[in-house]
Amino acid sequence: MNTSEKILVTGATGNIGRHLVSLLVEAGVAVRALTRDPGRAGLPGGVEVARGDLTEPETLEAALEGVDAVFLLWPFFSAAGAESVVEAIARHAHRVVYVSAFSVQDGRDTAQNGVWGEIEELVRRSGVEWTFLRAGGFATNTLGWADDIRTGGVVRAPYAGAARSLIHEADIAAVAFRALTEDGHNGRSHVLTGPEVITQADQVRIIGEVIGRPLRFEEQPREEAREQMIASWGDPAVVDDALDYWAGIVTEPEPVTTTVEEVTGRPARTFREWARDHAVGFRPARDVADA
């Protein structure tokens, strides 16, 4: 393990980033955390915090000074502005570990692979060493149901039978840690999933079992869901792609890989484990106060 390098973690205060920063600190690796608001970062002691914003590439130069490797998380639906960010990274760092998506497939046109494929191509062309973490659906996205669960116990969403192999954010961080601190990951695309396939309806059931409340999944008509998603996401094309994808995995479930275990030496966490780790987010405020 190379602990002499300095690693910049983008998205350091997010779900994956916080886990990764903690792992790096525990291993004695020099960490610089990128955040738009250093005063509110709330990161472990020993972490160097730098202000920067991926939407403002000019703010990255100081944060990248003296950095050897970068953990890159691109949280936007568009690759607009990403080229300048990758160019800035390549001027300073020699290695990038990028969180991509398992929908990306080698051999397809970049446009067919969406924003994740576009950024993979930018990273490849930049000349840095790279590792891509092609992650499946994030289990943390189910926190989008939290308000409905807390207030009424009913989740309304399309495609109850959409069968997902959702991954715990801590497992993505664990693989990123290995890719950043060990040899053997350069030029590799790690496809990461959870250890099982669970339908959306069963995800709601499991959350209910974990928090000790009966919950119900109510199938939402596609057009109703589409209107709500466009209001939230903004891009109708992205919404339609998502809905088409969920419709497809009703009959053809998402794949399951064993990459997390192969890279880290421990099995990927189950969705039930994820729900236990995040149970407080689904419980009504009065239940949390009484706990």
Side-chain angles (χ1 to χ4, degrees), residues 1-2 5 7-11 14-17 19-20 23-24 54 68-79 82-83 85-87 89-90 93-141 164-195 197 241 245 248-249 252-269:
M1 179 180 297
N2 187 350
E5 293 190 336
I7 296 172
L8 178 71
V9 177
T10 70
N15 294 309
I16 301 171
H19 284 284
L20 176 58
L23 290 171
L24 292 168
L54 295 180
D68 300 286
V70 173
F71 172 75
L72 178 61
L73 184 69
W74 187 259
F76 310 112
F77 290 129
S78 165
E83 184 171 8
V85 170
V86 173
E87 288 174 352
I89 291 171
H94 64 83
R95 189 155 42 96
V96 170
V97 173
Y98 165 58
V99 179
S100 185
F102 77 5
S103 59
V104 175
Q105 296 181 25
D106 295 325
R108 291 199 309 192
D109 290 340
T110 300
Q112 291 180 293
N113 283 323
V115 59
W116 306 281
E118 291 181 58
I119 296 177
E120 282 194 10
E121 184 61 24
L122 289 172
V123 172
R124 282 195 186 94
R125 292 205 313 254
S126 73
V128 299
E129 297 176 2
W130 54 264
T131 305
F132 300 143
L133 308 185
R134 292 180 175 170
F138 295 179
T140 50
N141 289 340
R164 316 275 333 246
S165 52
L166 299 179
I167 185 166
H168 195 305
E169 66 277 7
D171 286 327
I172 301 174
V175 175
F177 170 78
R178 297 286 184 140
L180 287 162
T181 60
E182 296 179 347
D183 294 330
H185 299 276
N186 182 37
R188 297 184 63 183
S189 299
H190 293 310
V191 181
L192 310 178
T193 74
V197 173
D241 285 346
Y245 177 74
I249 59 175
E252 296 184 20
E254 289 180 338
V256 171
T257 71
T258 57
T259 311
V260 169
E261 183 170 11
E262 292 164 8
V263 173
T264 69
R266 65 174 303 281
R269 296 164 174 86

Measure the [atom1]-[atom2] distance between [X] and [Y] for me, rounded to the nearest 0.5 Å.
{"X": "R134", "Y": "R188", "atom1": "CZ", "atom2": "CZ", "answer": "12.5 Å"}
{"X": "F71", "Y": "L24", "atom1": "CZ", "atom2": "CG", "answer": "9.5 Å"}
{"X": "L20", "Y": "N15", "atom1": "CG", "atom2": "CG", "answer": "13.0 Å"}
{"X": "R178", "Y": "H190", "atom1": "CZ", "atom2": "NE2", "answer": "11.0 Å"}
{"X": "L166", "Y": "R269", "atom1": "CG", "atom2": "CZ", "answer": "15.0 Å"}

### Task
Would you please test F138 and I167 for side-chain contact (heavy atoms from CB on, under 4.5 Å) and show each step?
CA-CA 5 Å; F138 295 179; I167 185 166; 4.3 Å; yes

Closest contact, heavy atoms only, [X] versus [Y]:
{"X": "T131", "Y": "H185", "answer": "OG1-O, 2.8 Å"}
{"X": "A93", "Y": "V128", "answer": "O-CG1, 3.6 Å"}
{"X": "V97", "Y": "A179", "answer": "CG2-CB, 3.9 Å"}
{"X": "L73", "Y": "T10", "answer": "N-OG1, 2.9 Å"}
{"X": "L180", "Y": "A69", "answer": "CD2-CB, 4.1 Å"}
{"X": "D106", "Y": "R124", "answer": "OD1-NH2, 3.7 Å"}

Tell me if a side-chain donor or acceptor on [X] pairs with a main-chain N or O of [Y] at a distance below 3.5 Å.
{"X": "E254", "Y": "S165", "answer": "yes"}
{"X": "E261", "Y": "T258", "answer": "no"}
{"X": "T257", "Y": "V191", "answer": "yes"}

Min side-chain heavy-atom separation [X]-[Y] under 4.5 Å:
{"X": "Y245", "Y": "D241", "answer": "no"}
{"X": "D68", "Y": "H94", "answer": "yes"}
{"X": "P75", "Y": "L54", "answer": "yes"}
{"X": "F132", "Y": "V123", "answer": "yes"}
{"X": "D171", "Y": "R266", "answer": "yes"}

### Query
Between L72 and I89, is a side-chain contact (heavy atoms from CB on, under 4.5 Å) present by the stated rule, with each step listed?
CA-CA 9 Å; L72 178 61; I89 291 171; 4.2 Å; yes

#### Entry: Heavy atoms of other groups near E252 CD, more than 12 under 6.0 Å
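No, CD of E252 has 12 or fewer neighbouring heavy atoms, counting only those of other groups under 6.0 Å.
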
### Message
Is it true that, when you exclude W130 itself, more than 12 heavy atoms of the residues, nucleotides or ligands shown sit nearer than 6.0 Å to its CH2?
### Response
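Above 12, so yes.
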
### Test log, rule side-chain contact (heavy atoms from CB on, under 4.5 Å), inputs S189 and Y98
CA-CA 10 Å; S189 299; Y98 165 58; over 6 Å; no

### Between E120 and S100, a side-chain donor and acceptor under 3.5 Å
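Distance-only check passes for E120 and S100.
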
### Task
Please state whether the rings of W74 and F76 are parallel, tilted or perpendicular, taking 30° and 60° as the class boundaries.
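Correct class here is perpendicular.
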
#### Entry: Audit row: L192, F102, side-chain contact (heavy atoms from CB on, under 4.5 Å) steps and yes/no
CA-CA 7 Å; L192 310 178; F102 77 5; over 6 Å; no

